[in-house]
Amino acid sequence: MQAASRESYKIAADRLDAYARGAEPSAVASTADDILSVAALLRREPRLRRALSDPARSGADRSGLLGDMLRGRIGADALDLLASLVSGRWSAPSELLDGVERLGVEALLASADKAGELGEVEDELFRFGQVVSGSPELSNALSDPMAPAERRATLADQLLAGKARPITGYLVGAALGGFGGRSFTGALTRLVELAADRRDRQVAYVTVAAPLSDEEERRLGARLSEMYGREVSVKQTVNPDVLGGVSVRVGSDLYDGTVLRRLNETRNALAKR
């Protein structure tokens, strides 16, 4: 987002946090569902996106247009949050859509946080991403934008049934919809990071040939927390192809101490002789 859009989003996000502090988790989840339904409407209706982000209209005019369309169709809390969002300045209609989607996702995360389930939701999203990435057939079935959305949603629901919290299922649904214009797997990764960020944590993606023990994971997390000055949420991926050692990615930082990397470096050095 450009600066004007970021500022408009921040005002609405702060309003969401204030609302969520005084509301029941189920009410926040219902509000999130309303907001995401409006995001789906905006995705289908480019003319409406343009009207609600038109800089030639005043913020009050745009907020009034939204109210005229949606009053009685969504909850009052969702309408209030969305009115705050559309009354701000938006650099492009696409950025307004991104803002509405993000606000809906943050409302889902706030609901999980209020219920004391945010850490579990974060882990469930990561594990589901691991299951999907480990099966090319499943990855293709869920990621194919040409496949009917209902069929992909039904498949995801079947995979998650009895294994994940309802909020996790809603967030997977947002990923299936291409949250933030991303691929399905990219959207899942972003959702994991947003969940961690709401818990004031950084995500460290760790690749190993064999699973780390609980103590090894704890020590690695503690060391990374010292380095980054923030609690770190360690997400393990087991890949026997790395042969040994550890690869760690935190944001754009990559620390690759795997045997595979050293072998590749040796092979490349020999090839240059």
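Since we're looking at a predicted model, the values are computed, not measured.
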I'd like to know whether Met227 forms a side chain to side chain contact (heavy atoms under 4.5 Å, CB included) with Val250, so could you lay out the CA-CA distance, the side-chain angles of the two residues, the decisive distance to 0.1 Å, and finally the verdict. CA-CA 11 Å; Met227 292 172 60; Val250 181; over 6 Å; no

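- Among residues at least two apart or in separate chains, salt bridge (Lys or Arg N to Asp or Glu O under 4.0 Å) pairs with a member in residues 12-24 are Lys10-Asp14, Arg15-Asp80, Asp17-Arg198.
- Scanning for side chain to side chain donor-acceptor pair (under 3.5 Å) contacts around Thr168 gives Glu124, with sequence neighbours left out.
- Here the CG-CD distance, from Leu224 to Glu231, works out to 11.0 Å after rounding to the nearest 0.5 Å.
- Remark: Glu226 CD is packed, more than 12 non-hydrogen atoms of other residues, nucleotides or ligands lying under 6.0 Å away.
- Between Val232 and Ser225, the shortest heavy-atom distance links the atoms N-OG, 3.2 Å.
- Pairs passing the side-chain hydrogen bond (donor to acceptor under 3.5 Å, both in side chains) check and including a residue from residues 83-95, sequence neighbours excluded, read Ser5-Ser91, Ser5-Glu95.
- Of all heavy-atom pairs between Val172 and Phe184, the closest is O-CE1, 4.0 Å.
- The aromatic rings of Tyr205 and Phe126 are tilted relative to each other, their planes meeting at an angle between 30° and 60°.
- Annotation: side chain of Leu138 is in contact with side chain of Leu159 (closest heavy-atom distance under 4.5 Å).
- Remark: Asp123 engages Lys235 in a salt bridge (Lys or Arg N to Asp or Glu O under 4.0 Å) (not counting sequence neighbours).
- Rounded to the nearest 0.5 Å, atoms CG (Leu108) and CD1 (Ile167) are 5.0 Å apart.
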Test side chain to side chain contact (heavy atoms under 4.5 Å, CB included) on Leu160 and Phe128 and set out the steps. CA-CA 8 Å; Leu160 291 167; Phe128 186 68; 3.6 Å; yes

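- Cluster annotation: Tyr255 is connected to Val208 through the hydrophobic network of ILVMFWY side chains, with a link wherever side-chain heavy atoms come within less than 4.5 Å.
- Using a distance-only test at 3.5 Å, with no hydrogens or angles considered, no donor-acceptor pair links the side chain of Gln202 to the main chain of Tyr228.
- Taking each heavy atom of Val28 and Ala20 in turn, the nearest pair found is CG2-CA, 4.1 Å.
- Contact record, Gly180 with Asp98: CA-OD1, 4.2 Å, taken as the closest heavy-atom pair.
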Under the side chain to side chain contact (heavy atoms under 4.5 Å, CB included) criterion, do Leu16 and Glu106 qualify, and how do the steps go? CA-CA 8 Å; Leu16 167 64; Glu106 289 289 358; 3.8 Å; yes

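- For the atom pair Leu70 CG and Ser37 OG, the distance stands at 8.0 Å (nearest 0.5 Å).
- The stretch residues 243-252 participates, sequence neighbours left out, in no side-chain hydrogen bond (donor to acceptor under 3.5 Å, both in side chains) pair at all.
- Of the possible polar contacts, one joining the Thr154 side chain to the Glu150 backbone as a donor-acceptor pair under 3.5 Å is found.
- Under a 3.5 Å cut-off, the side chain of Ser8 and the backbone N or O of Leu85 do not form any donor-acceptor pair.
- Between the Ser143 side chain and the Asn140 main chain, no donor and acceptor come within less than 3.5 Å of each other.
- To the nearest 0.5 Å, atoms NZ (Lys114) and OG (Ser26) are separated by 9.5 Å.
- By the side chain to side chain donor-acceptor pair (under 3.5 Å) test, Tyr19 is found to be paired with Thr31, residues two or more places apart in sequence or in another chain being considered.
- Under a hydrophobic-cluster definition in which Ile, Leu, Val, Met, Phe, Trp and Tyr are linked whenever side-chain heavy atoms come within less than 4.5 Å, directly or via other members, Ile11 and Val38 are assigned to different clusters.
- Under the 4.5 Å side-chain heavy-atom criterion for ILVMFWY residues, no single connected hydrophobic cluster contains both Val206 and Leu125.
- Ala112 and Val121 get closest at one heavy-atom pair: CB-CG2, 4.0 Å.
- Sorted by first and then second residue, the pairs that involve residues 204-216 and meet salt bridge (Lys or Arg N to Asp or Glu O under 4.0 Å), not counting sequence neighbours, are Glu215-Arg218, Glu215-Arg219.
- Qualifying salt bridge (Lys or Arg N to Asp or Glu O under 4.0 Å) partners for Asp34, counting only residues two or more places apart in sequence or in other chains: none.
- Taking the salt bridge (Lys or Arg N to Asp or Glu O under 4.0 Å) definition, one finds that Arg199 meets it with Glu122, sequence neighbours left out.
- Counting only heavy atoms from C-beta outward, the side chains of Leu109 and Asp197 never approach each other to under 4.5 Å.
- Leu96 and Leu36 end up in different hydrophobic clusters when Ile, Leu, Val, Met, Phe, Trp and Tyr side chains are linked at under 4.5 Å.
- Rounding to the nearest 0.5 Å gives a distance of 5.5 Å between CZ of Arg57 and CG of Leu65.
- Residues satisfying the salt bridge (Lys or Arg N to Asp or Glu O under 4.0 Å) test with Arg127, not counting sequence neighbours, are none.
- The heavy-atom pair separating Ala174 from Val105 by the smallest distance is CB-CG2, 4.1 Å.
- Between the CE atom in Met146 and the CZ atom in Arg152 there is a gap of 10.5 Å [rounded to 0.5 Å].
- Note on Leu82 and Leu48: same hydrophobic cluster, where clusters join Ile, Leu, Val, Met, Phe, Trp and Tyr whose side-chain heavy atoms are under 4.5 Å apart, directly or indirectly.
- Every pair passing salt bridge (Lys or Arg N to Asp or Glu O under 4.0 Å) that includes a residue from residues 37-54 is listed here, sequence neighbours excluded: Arg43-Glu101.
- Annotation: side-chain hydrogen bond (donor to acceptor under 3.5 Å, both in side chains) contacts involving residues 60-74, sequence neighbours excluded, are absent.
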